[in-house]
Trainee: 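Before I ask anything, let me first share the structure, which is written out below as structure tokens.
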Amino acid sequence: MAKRSIEGCRGILTGASSGIGRALAVELVRRGARLVLVARRAERLDDLANSLADATGKVEVLAGDVTTSEVRRAAIERAATAFGGLDLLVNNAGGGAMGGFAEASAERLRRVMELNFFAPAELIRVALPLLKAGRKPLVVNVGSILGHRGIPLCAEYCASKFALQGLSESLRAEFAPLGIDLLVVSPATTQTEFFEQAIDAAETPWSRIRGVTPAVVARQTVTAIRRGRHEIVISPSGKLMVWMNRLMPRVMDSILARHA
Ligand SMILES: NC(=O)c1ccc[n+]([C@@H]2O[C@H](COP(=O)([O-])OP(=O)(O)OC[C@H]3O[C@@H](n4cnc5c(N)ncnc54)[C@H](OP(=O)(O)O)[C@@H]3O)[C@@H](O)[C@H]2O)c1
């Protein structure tokens, strides 16, 4: 039984120009959502908007960098002016950095945290007044299985997703009295531009894992939104990793140390 309807839902979706975000836009708009689509590559967003022109829902395009406060505020203003409010905020924009921590710069850590942690955190903050007035309001944070278990050669990324996971658990409790729900989606490896677009794209054992399609992540996310779930881990391998780590953290430590 659905707890939340996508039909007529007014949302903001970051990172809509490729991968999981693009697939989520297709799935949500097909079911009647109205979305502000945010990413830096304007032409990609325009192509997506054109391809969705005949879908049930409607889209607004906002090209910009979510790590800037101006773009975050512009996204909120666009939802207010175009749709008259906000029911759904999907923090999906994100990116990784591959390679050893010891060889990396302090700047790499800051860039990863800006994109994967500070940007979603601050977008939630500016969205709050509209969300409070929304219909069955929900924040969806796209985390990662690497927000449940750290692995070598992706330390900054894992740290950023752990931070997002912690923030999400705190805010879920804080926002409950306001009637705002919070879902964390934790994908495992997904076939997107993630590895090509990484801040540092060093070859790692993880870059060669094929993973699921973004459409699988999008479908499971939309089902979780409709059913009022709080946490989902995508794919059997992702679930196995999270559970193995909970039950046998020392075994995971020694398996992962072999890949360092
Ligand atoms: N693929 C995986 O294996 C995997 C696994 C677990 C979790 N995830 C998470 O899934 C989410 C989506 O990633 P993906 O796999 O779909 O990768 P992707 O294909 O590279 O998509 C990343 C999206 O984020 C946008 N983006 C990046 N930096 C941005 C910025 N500064 N401002 C605005 N938008 C920005 C990109 O658009 P522009 O470049 O046009 O700005 C793009 O639309 C991320 O949070 C990622 O951490 C991915």
Side-chain angles (χ1 to χ4, degrees), residues 13-24 38-41 44 64-68 71 90-123 140-168 184-218 220-221 232-235 237-239 241-242 245 252 255-260:
L13 168 63
T14 69
S17 63
S18 75
I20 294 169
R22 191 183 196 286
L24 263 175
V38 189
R40 291 164 304 176
R41 288 170 290 180
R44 292 274 199 112
D65 184 335
V66 289
T67 65
T68 67
V71 169
V90 185
N91 279 310
N92 164 75
M98 311 300 149
F101 181 77
E103 297 79 45
S105 62
E107 198 220 337
R108 183 168 94 176
L109 175 59
R110 288 199 180 272
R111 281 182 64 192
V112 172
M113 293 300 287
E114 284 292 346
L115 176 58
N116 294 345
F117 179 65
F118 291 113
E122 295 307 333
L123 188 51
V140 178
N141 286 335
V142 179
S144 168
I145 57 164
L146 303 185
H148 300 268
R149 168 72 221 194
I151 62 171
L153 308 176
C154 284
E156 298 91 342
Y157 180 74
C158 294
S160 70
K161 293 295 184 178
F162 265 77
L164 187 63
Q165 180 74 28
L167 179 86
S168 303
V184 180
V185 175
S186 297
T189 306
T190 310
Q191 298 162 28
T192 66
E193 296 171 20
F194 180 83
F195 288 100
E196 295 141 50
Q197 296 290 333
I199 291 167
D200 271 342
E203 180 69 15
T204 68
W206 331 120
S207 334
R208 291 190 289 272
I209 300 171
R210 194 161 154 69
V212 298
T213 65
V216 168
V217 181
Q220 291 191 27
T221 302
I232 56 165
V233 176
I234 311 276
S235 92
S237 62
K239 290 185 177 86
M241 177 162 161
V242 171
N245 186 56
M252 285 295 282
I255 293 171
L256 288 168
R258 281 183 231 141
H259 293 285

Trainee: Within a strict 4.5 Å, meaning less than it, do heavy atoms of the Leu146 and Met241 side chains meet?
Mentor: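 A side-chain contact under 4.5 Å exists here.
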Trainee: Under 3.5 Å, side chain of Ser235 to main-chain N/O of Val233, donor-acceptor pair present?
Mentor: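 Looks like no, no N/O pair under 3.5 Å.
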Trainee: Restricting to non-hydrogen atoms, name the atom on Ser160 and the atom on Phe117 that form the minimum distance, rounded to 0.1 Å.
Mentor: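 Taking Ser160 first and Phe117 second, the nearest heavy atoms are O-CB, 4.2 Å.
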Trainee: Of all the heavy-atom pairs spanning Gly95 and Leu115, show the shortest one and how long it is.
Mentor: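 Minimum heavy-atom separation between Gly95 and Leu115: N-CD2, 3.5 Å.
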Trainee: For a quick test of reading the model, state the closest non-hydrogen atom pair linking Gly21 to Asn92 and the distance between them.
Mentor: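 What the structure gives for the nearest pair is CA-ND2, 3.3 Å.
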Trainee: Going through the checks in order, is the side chain to side chain contact (heavy atoms under 4.5 Å, CB included) test met by Val71 and Val38?
Mentor: CA-CA 9 Å; Val71 169; Val38 189; 4.1 Å; yes
Trainee: Between the side chain of Asp65 and the main-chain N/O of Thr67, is any donor-acceptor distance below 3.5 Å?
Mentor: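 Checking the backbone N and O of Thr67 against the side chain of Asp65, a donor-acceptor pair under 3.5 Å is found.
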Trainee: Does Leu153 reach the side chain of Pro205, with side-chain heavy atoms less than 4.5 Å apart?
Mentor: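 Touching, per the 4.5 Å side-chain cut-off.
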Trainee: Judged by atom type as modelled, is there a donor-acceptor pair below 3.5 Å linking the side chain of Thr192 to the main-chain atoms of Phe194?
Mentor: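 Such a contact is found between Thr192 side chain and Phe194 backbone.
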Trainee: What are the two closest non-hydrogen atoms of Gln191 and Gly211, and how far apart are they?
Mentor: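 Shortest heavy-atom contact: NE2-O, 2.7 Å.
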Trainee: Side chain to side chain contact (heavy atoms under 4.5 Å, CB included), that's the test. Do Arg44 and Ser18 meet it? Break it down for me.
Mentor: CA-CA 8 Å; Arg44 292 274 199 112; Ser18 75; 3.4 Å; yes
Trainee: Rounded at 0.5 Å granularity, tell me how far OH in Tyr157 sits from CG in Leu109.
Mentor: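 Rounded to the nearest 0.5 Å, the OH-CG separation comes to 14.5 Å.
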Trainee: In Å, rounded to the nearest 0.5 Å, how long is the span from CD1 of Ile145 to OG of Ser237?
Mentor: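 Rounded to the nearest 0.5 Å, the CD1-OG separation comes out at 6.0 Å.
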Trainee: Taking only residues at least two apart or on different chains, which pairs with a member in residues 207-216 satisfy salt bridge (Lys or Arg N to Asp or Glu O under 4.0 Å)?
Mentor: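 Residue pairs with at least one partner in residues 207-216: Glu203-Arg208.
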Trainee: Which heavy atom of Leu164 sits nearest a heavy atom of Val142, and at what distance?
Mentor: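 For Leu164 versus Val142, the nearest heavy atoms are CD2-O, 3.6 Å.
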Trainee: Hey, is the main chain of Leu123 close enough, under 3.5 Å, to the side chain of Asn91 for a donor-acceptor pair?
Mentor: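 No, the answer is negative, given that no donor and acceptor are paired below the 3.5 Å cut-off.
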Trainee: Look at atom CZ of Arg110 and say whether more than 12 heavy atoms of other residues, nucleotides or ligands are closer to it than 6.0 Å.
Mentor: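 Open.
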Trainee: Could you walk me through whether Thr213 and Thr190 pass the side chain to side chain contact (heavy atoms under 4.5 Å, CB included) test, one step at a time?
Mentor: CA-CA 6 Å; Thr213 65; Thr190 310; over 6 Å; no
Trainee: To the nearest 0.5 Å, tell me how far His148 NE2 sits from Ser186 OG.
Mentor: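 One gets 3.0 Å once the value is rounded to the nearest 0.5 Å.
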Trainee: Is it the case that the side chain of Trp206 and the backbone of Pro152 share a donor-acceptor pair, with hydrogens and angles ignored and the cut-off at 3.5 Å?
Mentor: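 A pair under 3.5 Å: yes.
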Trainee: Strictly below 4.0 Å, N to O, side chains only: are Glu114 and Arg108 in salt-bridge contact?
Mentor: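 Arg108 and Glu114: not salt-bridged.
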Trainee: Looking at every heavy atom in both Gly238 and Ala188, which two are closest together, and how far apart are they?
Mentor: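 For Gly238 versus Ala188, the nearest heavy atoms are CA-CB, 3.9 Å.
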Trainee: Does some side-chain heavy atom of Val184 sit less than 4.5 Å from a side-chain heavy atom of Gln165?
Mentor: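 Yes; the side chains approach each other to less than 4.5 Å.
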Trainee: Salt bridge or not for Lys161 and Glu156, using N-O below 4.0 Å?
Mentor: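 Between Glu156 and Lys161 there is no salt bridge, as every charged N stays at least 4.0 Å from the carboxylate O atoms.
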Trainee: To the nearest 0.5 Å, what is the distance between CG on Asn245 and CD1 on Ile255?
Mentor: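 Going from CG on Asn245 over to CD1 on Ile255, the span is 10.0 Å.
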Trainee: To the nearest 0.5 Å, how far apart are CD1 in Ile234 and OG1 in Thr189?
Mentor: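 It comes to 12.5 Å.
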Trainee: Checking Ile199 against Met98 for the side chain to side chain contact (heavy atoms under 4.5 Å, CB included) test, could you report, in this order, the C-alpha distance in whole Å, the side-chain angles of both residues, the deciding distance, and whether it holds?
Mentor: CA-CA 8 Å; Ile199 291 167; Met98 311 300 149; over 6 Å; no
Trainee: Quick check for you: to the nearest 0.5 Å, what is the distance between Ser105 atom OG and Arg111 atom CZ?
Mentor: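 So the gap between those two atoms works out to 8.5 Å.
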